[in-house]
Amino acid sequence: MTVVHPISRAWVTTGGTGAQNYDEFADDAEITSIIADNPHSSLAVEMPHLAPDSLGKSFLDSLPEAIARLALDRAEGFYTPADEVVVLYRITAPGEPSAYGLWSMVDTGEISTSAAEPGLVIRNEDVFLEKVRERVALAEAVSTLLSPVLLLQTAQGDRLHAALAAATDNAGAPAATDVDQSGRTHAIWVLGPGPQQDELTALAGGGELVVADGNHRSLAAQTAGLPRFLAVVTTPASVAIQPYNRLVSELTLPLDELLARLRAAGATVTDVPRPAQIPAKGTIELYASHLPGFSAPSGGPGVGSGTGRTFTVGLPVNVNLPDVDNLDHALVERVLLRDVLGLDPGDKRINYVGGDYPAEWLRGEVDGGRAELAVLIAPVTVDDFVRVNLERQKLPRKSTWFTPKARGGLVLAQLD
């Protein structure tokens, strides 16, 4: 029996509601700007406290506005209802291979976070509990799931990919399309009960499903006691992993001391005369402004000048720990952030910045004085990602930035 099921009551966009998921932004002001330009963006419901007319309110205090906005969107025809459906999904862009997925519901009871916990849905990263609580509160308030968990089908990915490609090719005009911030076109087709729906749900649920995006949303489904959660089941051929970097807004010690502590911990630190870039696996790069306590060249300019310093760093591994604890993101969290800077991963001074923001943007945040340190990290390889998950181990928080991402606000799942 498959763990993937039709959506009992779906609300399918008629256009104008699609948006990046709430956790794809490096700056909350970007969300406010998007909502101001498009009040029907699903972000106005997902992040109600960041809507222009709700600024200053807390997330929980803004939930009545989220309820009202979603009700208005439905009443004004921005969504149309459909029962017992799955939704075909295709993402296209010039010069890129087509990506495919299946919007559906997946059994929450199948989520596994360790080898001792049975289940076909593998969640692979630690999470921030505050974000989980917000997702639970939103789902309970609006009785609707607005953005999906992206699941990677590891056992039958090739067969599912071929089946979805054929199904979309033969489905005619899509029910709706939406163009994202990168210029990719997201197209959806609603598929009702029948043999084709049965075939696709069986393929989608025919092996271990790895959470590629949506760790907080999947845990929120568990925390809220939901029997199923909204998902897009996709294929390995449909995705790539981009870098997931960090910005530190305020250092806890002078930069000279930071570098000295890294070296004392066994790291190799090299000052390089070029702008920081995404490194190769096995090293990280630091980009720092000329901070108090750092011996800048005589007459060197200060913060905001666009002349920060770059360091390549080889962080020390611990051979007594599992391989997953010696991946670059784990070393950054353990050695740099915790041991050297004394920062917990959830510290508000750490900003997790996904692959949509290039190295130039990270350097600009430092040069502009909005951050004191940028940490650039090589992307996790697909091989490492699959291996870690099948071993039922956890990656550090915010380690994988999968692209293309499923677009929020295209297909909703009503809970009541």
Contact check, side chains of [X] and [Y], non-hydrogen atoms, under 4.5 Å:
| X | Y | answer |
| --- | --- | --- |
| Ile284 | Leu315 | yes |
| Ser104 | Val233 | yes |
| Asp356 | Gln20 | yes |
| Leu337 | Pro345 | no |
| Leu55 | Thr32 | yes |
| Leu262 | Leu258 | yes |
| Asp83 | Gln414 | no |
| Ile111 | Phe229 | yes |

Are the charged groups of [X] and [Y] less than 4.0 angstrom apart, N to O?
| X | Y | answer |
| --- | --- | --- |
| Asp53 | Arg69 | yes |
| Arg123 | Glu110 | no |
| Glu333 | Arg246 | no |

Are any side-chain N or O atoms of [X] and backbone N or O atoms of [Y], one a donor and one an acceptor, separated by less than 3.5 Å?
| X | Y | value |
| --- | --- | --- |
| Tyr357 | Ala26 | yes |
| Thr17 | Ser42 | no |
| Ser112 | Val121 | no |
| Arg363 | Ala276 | yes |
| Glu46 | Asn21 | no |

Show me the donor-acceptor pairs within less than 3.5 Å that the side chains of residues 33-40 make with the rest of the protein, sequence neighbours left out.
| residue | atom | partner | partner atom | Å |
| --- | --- | --- | --- | --- |
| Asn38 | OD1 | His40 | N | 3.2 |
| Asn38 | ND2 | Gly16 | O | 2.8 |
| His40 | ND1 | Asp73 | OD1 | 2.6 |

Could I get the full list of side-chain hydrogen bond (donor to acceptor under 3.5 Å, both in side chains) partners for Asp323, not counting sequence neighbours?
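Asp323 satisfies side-chain hydrogen bond (donor to acceptor under 3.5 Å, both in side chains) with no residue once adjacent residues are dropped.
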Between Arg397 and Phe128, is NZ or CZ placed under 6.0 angstrom from the six-membered ring centre and within 45° of the ring axis?
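Yes, Arg397 lies over the aromatic ring of Phe128.
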Pi-cation contact, Tyr22 with Arg135 (under 6.0 Å, within 45°)
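Geometry flag: set, cation within 6.0 Å and 45°.
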Minimum heavy-atom distance Pro379-Ile278, with the two atoms named
CD-CG2, 4.1 Å
Give the intermediate values and the outcome of side-chain contact (heavy atoms from CB on, under 4.5 Å) for residues Val179 and Arg184.
CA-CA 6 Å; Val179 179; Arg184 297 186 179 99; over 6 Å; no
Name of the residue among Leu286, Leu331, Val248, Val313 meeting side-chain contact (heavy atoms from CB on, under 4.5 Å) with Leu336
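Only one option passes, and that is Leu286.
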Apply side-chain contact (heavy atoms from CB on, under 4.5 Å) to Arg228 and Val106, showing your working.
CA-CA 5 Å; Arg228 293 173 181 171; Val106 176; over 6 Å; no
Might you work through the side-chain contact (heavy atoms from CB on, under 4.5 Å) test for Leu343 and Ile350, ending with a clear yes or no?
CA-CA 8 Å; Leu343 297 177; Ile350 303 172; 4.0 Å; yes
Have Asp107 and His5 got a donor and an acceptor in their side chains that come within less than 3.5 Å?
yes
If we ignore angles and hydrogens, is there a donor and acceptor under 3.5 Å between the side chains of His161 and Thr235?
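Per modelled atom types, His161 and Thr235 side chains form a pair under 3.5 Å.
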Would Asp180 and Arg407 count as a side-chain contact (heavy atoms from CB on, under 4.5 Å) if you check the C-alpha gap in whole Å, the side-chain angles of each, and the deciding distance to 0.1 Å?
CA-CA 8 Å; Asp180 68 20; Arg407 191 105 163 124; 3.6 Å; yes
Would you compute the distance between atom [atom1] of [X] and atom [atom2] of [Y] and round it to the nearest 0.5 angstrom?
| X | Y | atom1 | atom2 | value |
| --- | --- | --- | --- | --- |
| Thr144 | Leu138 | OG1 | CG | 8.5 Å |
| Leu255 | Ser289 | CG | OG | 8.0 Å |
| Asn351 | Glu365 | CG | CD | 8.5 Å |
| Ile188 | Thr168 | CD1 | OG1 | 13.0 Å |
| Met105 | Ser8 | CE | OG | 7.0 Å |
| Ile122 | Ser218 | CD1 | OG | 12.0 Å |

Residues in side chain to side chain contact (heavy atoms under 4.5 Å, CB included) with Glu134, at least two apart?
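For Glu134 the side chain to side chain contact (heavy atoms under 4.5 Å, CB included) partners, ignoring immediate neighbours, are Phe59, Glu130.
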Tell me every residue that passes side chain to side chain contact (heavy atoms under 4.5 Å, CB included) with Gln393, counting only those two or more places apart in sequence or in another chain.
Pro322, Val324, Val388, Glu391
Tell me every residue that passes salt bridge (charged side-chain N to carboxylate O under 4.0 Å, His left out) with Lys405, counting only those two or more places apart in sequence or in another chain.
Asp213
What pairs of residues pass the ring-ring contact (aromatic ring centres under 6.0 Å, His included) test when at least one of them lies in residues 394-416, not counting sequence neighbours?
Tyr244-Trp401, Phe385-Phe402
